[in-house]
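Below is one structure, written out as structure tokens; comments come after it.
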Amino acid sequence: MKVQVPYLSRIEGHAHLVVDTTAGEVVECQLEVVETPRFFEKLLVGRHYSEVAGLASRICGVCSHSHTLVSLMATERAFGMEVSDQVTSLRRLLMYGEILQSHLLHLYFMAVPDYLGVNSLLAMAQSRRDLVARALRLKKLGSDICEVIGGRPVHPVTTCVGGFHRFPEASELQRLRRHLSKALPDLEQTVELVAGLDWPDFSHQADCLALHDSDGYPQFGDTLISSAGLQVPNSCYREMIREYVVPHSTAKHARINDETYMVGPLARLRQGFHHLSPLAREVADLQGLSPSTNNPYLSQGARLVEVLHCVEQSMHLIDHLLLEGLKYEEPVVTCKAREGVATLEAPRGVLLHAYSYDKEGFLTSADCVIPTAQNLANLEMNLRARVPQIIDEEPDIFQSELEKLVRAYDPCLSCSTHLLTIDRL
Amino acid sequence: MKPRVGFFDFTGCEGCQLTILNLAEKLLDVLDLVEVVEFREVQGNCNEDLDIAFVEGSICRPDEEKRLRLIRTRSKKLITLGACADLAGINIAHEEAGGAELAMAVYGSDSKHLQGGQARPVSAIVPIDGRIPGCPVDGQEFLAILHALLLDRPTNLPAFSLCVECKLAELPCTFEQGIVCLGPVVRAGCNALCIEGGDRCRGCRGLVDNPRESSYHRVLETFNLSVDDILEEYRTYNLRIDEE
Amino acid sequence: MRTTQAPTSAAAESSTWRALSRVEIDLFVRSMMTAYEVVGVQKKHGRMTMDKVEDPSELLLEFPPQVHSPKKFLFPNWQKLFRFSLGGKVYLEADKAAVPRVIFGMHPCDLHAVQVLDDCLFEGEADSVYRSKREATLLIGVDCLPDEHCFCSSVGTDRTDSGFDLFFHRADEGYLVQSGSERGEALLRRHAPQVAKRDEEAPLPLQVKPCEHQLDFAVDALAPLLGDVYDHHLWKEIGERCLGCGACTLLCPTCYCFNVEDRMDDDLAGGERVRTWDSCQFDHFTRVAGGRDFRSDQADRQRHRFFRKYKYLWEKHERTACVGCGRCSRECLANIAPVNVLNRLFVEEASPELKALPANEYQPDMVEIIAVEDLTNQDKLFRLRLNTPIHFTPGMFVAISIFGLGEAPFTIASSSDDDMHVEIVVRAKGALTRALHRLQPGDSVGLRGPFGHGFQVEDFAGRDLLLVAGGLGLVTLRSLLLSLLADRQSFGTIQLLYGVRNMDHMLFQKELLEWHGSNQLDCRFAFKEPGNSWGVPTGDITHLFRNLDLQPQRTSVAVSGPAGMYRFINPLLLRMGVDEEALFLNLERHMKCGLGKCGKCRINDVCVCETGPIFPYSKVKHLKEAIER
């Protein structure tokens, strides 16, 4: 039996799902990523530091803020710059907004339709207008946060090396705060919906990679921690993570110690379970999620948990910022000819940018390690393991279960296909 | 019968489609007016005839070209969405990267799939019926163009430059701080969002219909920009000008 | 021609002045906020802008001129004209009444700007939307300090005693509030009663602002000046620099040109017709259906802006439409500044003849004599070399000085082709001319000019010429003749009739012989006194008219001679059929200053040094003093 799904729908980016089994044996099982490589690193070389983040942002529309922030941070590391607590707090808030925007988009528009038996949530605009309206409202919650802090929901404009060109007004933060608390009824209904979905039963032990965040749940951090016990400062990432090209994919794959691994909500949950906010913890418990959860389909449940976590944390962070009072600060930049490596937890997992600059502040080389690229090998392993379990199902169920598995990783293929490292083989 | 609409994407970041989803409740109004028949990111693919196709992304490879042509034949109107489709935008840089040779040199023949190919705007392959510029597009502008299409009105974009929007918003001009901005030759319609955010215009919406290039270059020269500096300014989003 | 003033801006019969403190102003504002929307200048997002006041203590009463004008409140960028619904019956819903508002913070220039808007928008069919806003808005003025772009003092808008409801002046301690209308008084009574009850103070005198930037001429001269410079090359220069960004018109407090369009609601079931600010600087402003653009050149667009502000509206309303606020020049990236443009036009165009030495019009230039030739035993030809080229037409004159003896006018005898030399013929008659005769090549004399109005040679193209010279009158016609011969093929037949007393008085004998022998022109001579070696018949010049081959309808005639000659030559020519417009007379009088000032060369009301000495007969036939009786 051959399953070929060209241009898989409800994922970000272009890929074909190809599964070929003959007499119960898996002959081929691949996610052929066909997204055009855009060679971003070449685009970045020779650019002035003030332009780099704006270009890096265009790697992806869904995680534009993640790329922007990690790019800025990599530049700041290269120049040896520290940023203020205010800036860090605002960046955390921006990341909460990004995660909300991304997870809610994914849950409602990409994942849930599979479990409601529809092809698209938009198709329910007439029959379940309330559901579609709720989905759009909640998604707007995330994009509003991004708009207030970053200036725009996609591709921010207020961010710069050292901090921000423009800081939000207190009134704007107050408005966000109100918006967040008004969203709680919608969130309750979301929990009811998602927690009640019937996740396929499947387990696959995998090494999970996340960041160590001294503040609690993984968001920012300079240390890479794997569940297998490895702990490496991000500047030494090359010693830990090996990226390689595969012929059927324009996106790279990655391995740690030659094993596939996973990044993303489940990996973060494993790492930071005990730092979840109270509401998030409740929702985790409700779904039976724990640090030892190893069903990739349950990444969706983990996303739901993270949504609650981000909402709660955002409210606290805004309260903190309002109490402190926002002060305009002008960043002071001194260029240095050095390499800088930065990492953060993007919605889909650990994101890394490494840049080198010359002493005039022009970029000389760039490398990025993308969450989805790190997941693809593990995803294919999952597919291989899953196929025998569902081989006897009707063809359309067989296909649908595999699609659900791909979607569970929430792959972002525009991101993962942008780069090719030239200087290492 | 409601008009049938589809959203398509090629080489790009999909930020423009996301911006359409960010219309939030206004999207429901849109859904009352049209039937979204195809939207790969949040729906599925189909292969039927359409009234309006919105296309995001540049065309880089033969398979993309083929797919685009098929979309064109089955759509009554085709509107480009965003700078990648409109201008080739940021993607153009990888033509200069020497992608094909580079990949071959490093990875040998195994890497044919890693070549990019020259990024081209959609209008270089098929005729288009309208465009929505920007990186990403502005949600309100998308609605205005959609409404114009539904009302059978011309899909006109503003013919004046960004300076108008800065002045209406009472923003201080970046030139006053000695920072060069592409605003005077770039098309308005974004409400000077980037300048409002503290940055300067980098030209993602493309040049205005009748840019006063020589007058603008004269201004840039007073800020000590050389000819190369000036051409560099236009490079980011692939703005084409007559090189003097 | 003043148009009806807006009903609310009627100035109070007499203003009252009262003192108050900043704290009292805050309370006044807070009280007004209960009944009105109060807008004023505050600091927002790190810049100063006029916006709704939430906290009176943040209201700024002193702010620089670059703050954007309050035009946006009286004539907003986006103004709904009416709503409509589609589907079946179209239903129009009238716009609601304007929000009652107080604009607290209008500089004198901006108050004048409102008057300009009133002139334009109340004219003819009054703009009802503007009117409703105008009537619902109270205007409170504040003082200002001009910066280097303001030129309000040049256009008289740096101060005002009307057009406001209240005006707050800075005083040594606190403020003085001046009432400007009944509504202003009422506002004080209701919202600052203790101030209203206070004793009156002495008024401050009207302040004239110290503007660095000034027009070099009176503002009344602007409209006529612009009338002369429509085709000046300066507009093209400006057009090349202009970015077409429209900043000038958007910021201008008196610009109001707009576009009208329909905007639909999101459900497309209804919408609004709105008007939005437009600009004469934009593409599409003058474009019509089909694509034709009636003002597509940026130079024309900028010129239009200037003409509208400084000429068209001035001529209509007798009020300067530009209030000198400087906003356009302050923010123009191409540095187009009205004061610089206008000053340059004034300097270049206002008085072209005097541009050599401004304010030195009586001082001659020293020029060198490079040749002296005896023409007769009493007449010498002097060839002078100039220091700078001059432009003249045949028939004009220069004034020659010998210091100590004086200055006298001399007709230019040379061709207008040569702009670095002039030749004059001097007959030694008086002290100055005798002194001139004693000079040699290498000596210098003073020269002023050229003065007067000469022959417009290009008007003779394709025509026959008849030149009638008597005595010294040949000097003028020699200049004309040389200019004609320099471009011989442009003209028809040329005939010269020269009457002189005798051969000894004959000027330019050598040249005359040459001309007579050539086929370029036909010469006839007449000597009054008998006995000459040329075989010329005796008689006066009228004899030469016998058997004259003349086609009067295509002939222009130039007559130059002693005063008495005209008395009988003119009728002769007119009888022959010469047109009055084509008969030119050289009427010289006692030209002294050459500038139309001293009064000595007047023929009735006509000044020879300004409009002559070359006159068409039609222009002088009514002048009783023109032709000797």
Side-chain angles (χ1 to χ4, degrees), chain A residues 6-7 9-14 34-40 42-43 51 54-55 57-62 64 101 105 109-110 113 119-123 125-126 129 132-133 136-137 139-140 143 150-158 160 164-166 245 247-250 414-415 420 422 425, chain B residues 9-19 21-28 31-32 36 39-45 57-58 60-61 63-64 67 84 89-91 93-94 96-99 102-103 106-107 110-111 113-117 119 135-136 193-199 202 204 236:
Chain A
Y7 295 112
S9 62
R10 286 185 276 119
I11 56 168
E12 198 285 339
H14 301 104
V34 295
E35 187 77 18
T36 312
R38 287 175 289 156
F39 293 106
F40 259 87
K42 258 307 190 183
L43 194 154
E51 298 181 317
L55 292 167
S57 170
R58 268 77 186 175
I59 291 174
C60 179
V62 183
S64 59
Q101 181 175 234
L105 170 74
F109 290 94
M110 298 177 181
N119 158 351
S120 149
L121 205 74
L122 295 181
Q126 308 301 330
R129 198 181 181 90
V132 181
L136 291 169
R137 264 198 311 272
K139 192 189 163 313
K140 189 160 198 297
S143 53
R152 182 162 56 186
V154 174
H155 304 320
V157 298
T158 57
C160 66
F164 291 85
H165 298 296
R166 183 184 179 287
V245 176
H248 64 270
S249 165
T250 51
S414 309
C415 274
L420 199 65
I422 316 294
L425 283 166
Chain B
D9 55 318
F10 291 90
T11 298
C13 78
E14 303 194 13
C16 291
Q17 291 171 81
L18 189 65
T19 302
L21 293 171
N22 280 341
L23 286 170
E25 267 122 352
K26 294 203 182 183
L27 192 61
L28 287 172
L31 294 173
D32 285 337
V36 174
F39 195 156
R40 191 197 54 78
E41 200 176 0
V42 292
Q43 197 163 287
N45 302 318
S58 313
C60 298
R61 299 154 79 144
D63 59 288
E64 289 185 317
R67 192 155 64 92
C84 294
I90 293 224
N91 295 332
H94 105 271
E96 297 164 10
L102 203 56
V106 176
Y107 293 101
D110 238 13
S111 63
H113 65 295
L114 294 167
Q115 292 163 28
C135 179
L193 179 87
C194 294
I195 292 103
E196 174 90 47
D199 198 4
R202 293 173 196 276
C204 75
T236 310

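Letters A, B, ... mirror the listed sequences (proteins, then strands); counts begin at 1. FYI, side chains are in, hydrogens and waters are out, and symmetry mates aren't considered; it's all heavy atoms of this structure.
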Task: Validation row: Q17(B), V154(A) side chains within 4.5 angstrom (heavy atoms) - done: no
Open item on the list: Just so I know, are the side chains of D199(B) and R166(A) near enough to count as touching, which here means a heavy-atom distance under 4.5 Å?
Closed with: no
Task: Atom of E25(B), atom of A133(A) and distance for their closest heavy-atom approach - done: OE2-O, 4.4 Å
Straight-line distance of [X] [atom1] to [Y] [atom2], nearest 0.5 Å:
| X | Y | atom1 | atom2 | answer |
| --- | --- | --- | --- | --- |
| L18(B) | S143(A) | CG | OG | 8.0 Å |
| L55(A) | R202(B) | CG | CZ | 8.0 Å |
| L121(A) | L21(B) | CG | CG | 10.5 Å |

Open item on the list: Assess the residue pair T158(A) and E196(B) against the criterion (side chain to side chain contact (heavy atoms under 4.5 Å, CB included)); give the C-alpha distance rounded to whole Å, side-chain angles, the decisive distance to 0.1 Å, and a yes or no.
Closed with: CA-CA 8 Å; T158(A) 57; E196(B) 174 90 47; over 6 Å; no
Open item on the list: Out of M110(A), H155(A), E51(A), return the one with the most heavy atom pairs under 4.5 angstrom to chain B.
Closed with: H155(A)
Open item on the list: Given 3.5 Å as the limit, does a donor-acceptor pair link the side chain of R58(A) with the main chain of C135(B), or not?
Closed with: yes
TODO: Using atom types as modelled and distance alone, determine if a side-chain donor or acceptor of H14(A) lies under 3.5 Å from a backbone N or O of D9(B).
DONE: yes
Open item on the list: Can you list everything that forms a side chain to side chain contact (heavy atoms under 4.5 Å, CB included) with V157(A)? Sequence neighbours excluded, please.
Closed with: R152(A), L193(B), C194(B)
Task: Contact leader toward chain A among I195(B), V36(B), T19(B), N22(B), where contacts are heavy-atom pairs under 4.5 Å - done: N22(B)
Open item on the list: I'd like to know whether D32(B) forms a side chain to side chain contact (heavy atoms under 4.5 Å, CB included) with Q126(A), so could you lay out the CA-CA distance, the side-chain angles of the two residues, the decisive distance to 0.1 Å, and finally the verdict.
Closed with: CA-CA 8 Å; D32(B) 285 337; Q126(A) 308 301 330; 3.7 Å; yes
Task: Derivation of the side chain to side chain contact (heavy atoms under 4.5 Å, CB included) call for L28(B) and R129(A) - done: CA-CA 8 Å; L28(B) 287 172; R129(A) 198 181 181 90; 3.7 Å; yes
Open item on the list: For E64(B), which atoms come within 4.5 Å of any heavy atom of chain A: side chain, backbone, both, or neither?
Closed with: side chain
